[in-house]
Structure formats: structure tokens, C-alpha cells
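Have a look at the structure below before the remarks.
Worth knowing before you read on, the calculation uses all heavy atoms, side chains too, and leaves out hydrogens, waters and symmetry mates.
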Amino acid sequence: MNILITGSAGFIGKHLVEALKKQGGHTLTLIDTEEGEEYEKNITRIRSSFGDPKLLDRLLPNQDIIFHLAAMLGVDHSLANGDRLYDINITATKSLIDKAAEHNVKKLVFSSSSEVYGNSIEIPFEESGPVLPVSDYGHYKIEIEKYIEKKVLSGKLHSTIVRFFNVYGPGQRNDFVVNRFINAVKTNQNIYINWDGNQTRCFTYIDDAVQGLILSMLYNKKPFEVFNIGNSHETTILTLAKIIFEKYSLSTSNIVILNKNNVQRYDVTRRVPSLLKSKREIGYSPTVQLEEGIKKIIAND
């Protein structure tokens, strides 16, 4: 297939490109504002904004699939860059969706987030359950999901939405919690934990996340569907820190519990996906548990 990937130089994007290369037979077009690796002849890399309408008019008539991964990521980062968050995650993304429909792209796979569930008390989070985002980042993800659904209902597009749950792995930015903790402990810096450390997450290793993307690309039972892509094993943030400390027994770091959160209304106490639907409909089943994933990060350091 002819596949276009936005955000191809990002953490998930790089791993998705490698997975599609291993599959073979695809022609890939990669768009990112950052520099990326050079690839072989059936892979074209373009350094540009994904929202450039002239570029999209040139590229999209030849595409079967779009993976839209490009976005401003992270709640804290988004809080400090509100205008840019809207420009990228809403304005430019809607432009891409409109162009995909206009040029009859067969399918759009959109990277959404577990942030859309917010502090819903219906745990585990089901795709059909309430969405109660507590941040602009989460609100914008839902706005785009609804925008895509309207396009699909109008008969102009097919799409699968992927709601990721705390993806981590080698090469991720150090401002995400797993890699931030690892970097702190290996450099003998303290780990600081907001609240009491009992807030939980279900960490998804990058290989499992990419598996979810590819399975979502292949899904064709309905023109629009939403899938949780995560890991059902719930871990407290304090436990995460302790697991990492076990791997660096000589570290002089300490765990510091702050018992507060300066942006408390943006934090989520529990984030647990139901994977029943994604397993039933696309055969998704995560294989890498947290301790193994942390070992893989350390081995790749």
C-alpha cells in the first residue's frame, strides 16, 4: 500500500516506520518538521508541516492510508503552549482530515489518547464509556475524534481511532515518566513524585503500541471505529519508581514524595483500559510487561 505518516520522526512514528519496512511491499511517505533518517528508494521523507495544503494536494491523491501521529504531546507541555497546541492539534489536523476526504484517501488512522477519559469513575475505561477530559490536550483529541466521525458519516472517509495508554520505550523523550525516572536514577538525581505516588497507569511498550496501529490499519468491518491500545496491568507511580531503582542498585538517588500537585486538576488518579473490544475486533494483545520493557530501555541506552 501507499502509506503516509505524519510525525514520522517522533517516538511512535520511528518505530512504526521500522515495522512497516519489515513487512515489506509498502511505499511510505514520511512528513515531519524534524530531521529524520534517510531511507531506501521506496520511502520518501519530507521535512514540512503536515498542515501545508499545497503539499497535501500533491501527496494525498496517491495515498491509501494516512497514519496521523503528528501532534503537540503531553499535558504539561501543552499547558505552556496553548496557542500552538490549538494550531497543531486542531486547526492543522482538521485541514489534513478535510484534504484526506477531498482526495479519497481510503483510510485515516488517528492517534488519540487515554487523556480523553479523564477521571471517569467507570474503570476500566471502555471505548463506549464517558469521556471526561480534564485538559485542553484531552478536549482537543475528542474534538478531532468527533470531527473525523462526521466525515465518516458523510461518506467521505473511513477511519480508525487509536486511544493510546502511556506508551513508553527506547528513544522516548525524557519528559515522559518512565524515561524521566530512568534518566534520574542512572544520573544519581532524585525522583520527585506528585501526590502520594498511588496514582496508577497502565504502561504500553512501544512494540505493542505499533502492533495496535497496524492492526487498526487492517480493520475493515466498519467505516469508523475506536480502539483502546494499552496494557491492562495497573501500576502505581511509586511502584514504577521502585522497579527502576531495582535496576540501578548502585544509584544514590532517592524517591521524594511531594504529596501535592501544582496542576492537580489536570492529573488523573487511575488510567486503566478495557482491552476486550480491541482484542475481539482486531486481535490486539500486548506482550511486553513493564519490567521487561524497562530492561529493554536500559539495554538500548
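Here the side chain of K106 pairs no donor or acceptor atom with the backbone of I66 at under 3.5 angstrom. The closest donor-acceptor contact from the side chain of N42 to the backbone of H26 lies under 3.5 Å. Of the possible donor and acceptor atoms, none in the side chain of S159 sits under 3.5 Å from a partner among the backbone N and O of V109. In this structure, the side chain of K107 engages the main chain of S216 through a donor-acceptor pair within 3.5 Å. In this structure, N188 contributes its side chain and T252 its backbone to a donor-acceptor pair below 3.5 Å. Judged by distance alone, the side chain of D208 and the main-chain N or O of T287 form a donor-acceptor pair under 3.5 Å. A distance-only check finds no donor-acceptor pair linking the side chain of E115 to the backbone of H139 [under 3.5 Å]. Between the side chain of T204 and the main chain of F165, a donor-acceptor pair closer than 3.5 Å is present.
Linking ILVMFWY residues whenever their side-chain heavy atoms come closer than 4.5 Å, directly or via other members, places V178 and L238 in the same cluster. Taken together through direct or relayed side-chain contacts under 4.5 Å among Ile, Leu, Val, Met, Phe, Trp and Tyr, M72 and F176 form part of one hydrophobic cluster. Following chains of ILVMFWY side-chain contacts shorter than 4.5 Å, one can reach I65 starting from I12, so the two form part of one hydrophobic cluster. Linking ILVMFWY side-chain heavy atoms closer than 4.5 Å, directly or via other members, places L218 and V17 in a single hydrophobic cluster. Following chains of ILVMFWY side-chain contacts shorter than 4.5 Å, one can reach I206 starting from L20, so the two form part of one hydrophobic cluster.
Ring planes of F203 and Y168: perpendicular class, angle over 60° (limits at 30 and 60°).
Rounding to the nearest 0.5 Å gives a distance of 9.0 Å between CZ of R180 and CD1 of I191. For the atom pair CG (N183) and OG (S253), the distance works out to 10.0 Å, reported to the nearest 0.5 Å. Note: E246 CD to I244 CD1 = 10.5 Å, rounded to the nearest 0.5 Å. One distance of note links OG of S135 with NZ of K141; it measures 10.5 Å at 0.5 Å rounding. The line from CG of L240 to CD of Q199 is 10.5 Å long, rounded to the nearest 0.5 Å. The CZ atom of F181 lies 11.5 Å from the CD1 atom of I243; values are rounded to the nearest 0.5 Å.
Salt-bridge formation is detected for the pair R173/D175: a Lys NZ or Arg NE/NH1/NH2 atom is positioned less than 4.0 Å from an Asp or Glu carboxylate oxygen. For the pair E102 and K99, the salt-bridge criterion is met [side-chain N within less than 4.0 Å of a carboxylate O]. Note on E234 versus R201: no salt bridge recorded, every NZ/NE/NH1/NH2 to OD/OE distance being 4.0 Å or above. Look at K21 and E18 and you find a salt bridge, because one of the NZ, NE, NH1 or NH2 atoms lies within 4.0 Å of a carboxylate O, short of that distance. Taking 4.0 Å as the cut-off between side-chain N and carboxylate O, E281 and K221 count as a salt-bridged pair. Between D32 and R45 there is no salt bridge, since no side-chain nitrogen of the basic residue lies less than 4.0 Å from a carboxylate oxygen of the acidic one. Comment: R163 engages E145 in a salt bridge, judged by a side-chain N to carboxylate O separation of less than 4.0 angstrom.
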Given the rule in the side chain to side chain donor-acceptor pair (under 3.5 Å) test, do Q189 and T187 qualify, once you have shown the distances and angles that lead to the verdict? CA-CA 6 Å; Q189 300 176 58; T187 56; 2.8 Å; yes
Take L4 and T6, measure what side-chain contact (heavy atoms from CB on, under 4.5 Å) needs, and give me the verdict at the end. CA-CA 7 Å; L4 184 144; T6 72; 3.7 Å; yes
Under the side chain to side chain donor-acceptor pair (under 3.5 Å) criterion, do N228 and Y117 qualify, and how do the steps go? CA-CA 11 Å; N228 288 335; Y117 295 108; 2.7 Å; yes
Go through the steps for T160 and L108 under the test side-chain contact (heavy atoms from CB on, under 4.5 Å), then give the verdict. CA-CA 7 Å; T160 304; L108 169 69; over 6 Å; no
Show your reasoning for whether side-chain contact (heavy atoms from CB on, under 4.5 Å) applies to S112 and V116. CA-CA 8 Å; S112 188; V116 302; 3.9 Å; yes
Determine whether S114 and F164 satisfy the following criterion, side-chain contact (heavy atoms from CB on, under 4.5 Å), listing intermediate values before the conclusion. CA-CA 6 Å; S114 58; F164 284 124; over 6 Å; no
With side chain to side chain donor-acceptor pair (under 3.5 Å) as the test, would you mind laying out the steps for S111 and H68 before giving the verdict? CA-CA 6 Å; S111 173; H68 182 40; over 6 Å; no
Audit row: Y86, Y140, ring-ring contact (aromatic ring centres under 6.0 Å, His included) steps and yes/no: CA-CA 8 Å; Y86 190 88; Y140 293 168; 5.5 Å; yes
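Taking the side chain as every heavy atom from C-beta outward, L132 and N119 never approach each other to under 4.5 Å. Considering only heavy atoms from C-beta on, L275 stays 4.5 Å or farther from F227 through its side chain. In this structure, the side chains of P170 and Y205 come closer than 4.5 Å at one or more pairs of heavy atoms. In this structure, the side chains of I97 and I144 come closer than 4.5 Å at one or more pairs of heavy atoms. At a threshold of 4.5 Å between non-hydrogen side-chain atoms, the residues L30 and T44 do not count as touching. Looking only at side-chain heavy atoms (C-beta outward), N231 and Q289 come within less than 4.5 Å of each other. In this structure, I255 and I257 have side chains that are in contact, with non-hydrogen atoms separated by less than 4.5 Å. For the pair L69/L16, a side-chain contact is recorded, criterion being any heavy-atom separation below 4.5 Å from C-beta on.
Contact detail for E126 and S274: the closest heavy-atom pair is CG-CB, 3.8 Å. Taking all atoms of both residues into account, the shortest heavy-atom contact from A101 to K151 is CB-CD, 4.3 Å. Across all their heavy atoms, P61 and D57 have their closest contact at CD-O, 3.2 Å. Heavy-atom minimum distance, Y248 versus K186: CE2-CB, 3.3 Å. Nearest heavy atom pair, residue I193 against residue A241, reads CD1-CB, 4.1 Å. The two atoms that bring G230 and P273 nearest to each other are CA-CG, 4.5 Å, heavy atoms only.
For the pair K94 and Y147, the cation-pi criterion (under 6.0 Å, within 45° of the ring axis) is fulfilled.
Aromatic pair H158/F224: centroids not less than 6.0 angstrom apart.
Around NZ of K156, the count of heavy atoms belonging to other residues, nucleotides or ligands within 6.0 Å does not exceed 12.
Looking at residues two or more places apart in sequence or on another chain, you find no ring pair (Phe, Tyr, Trp, His ring centres under 6.0 Å) involving F67.
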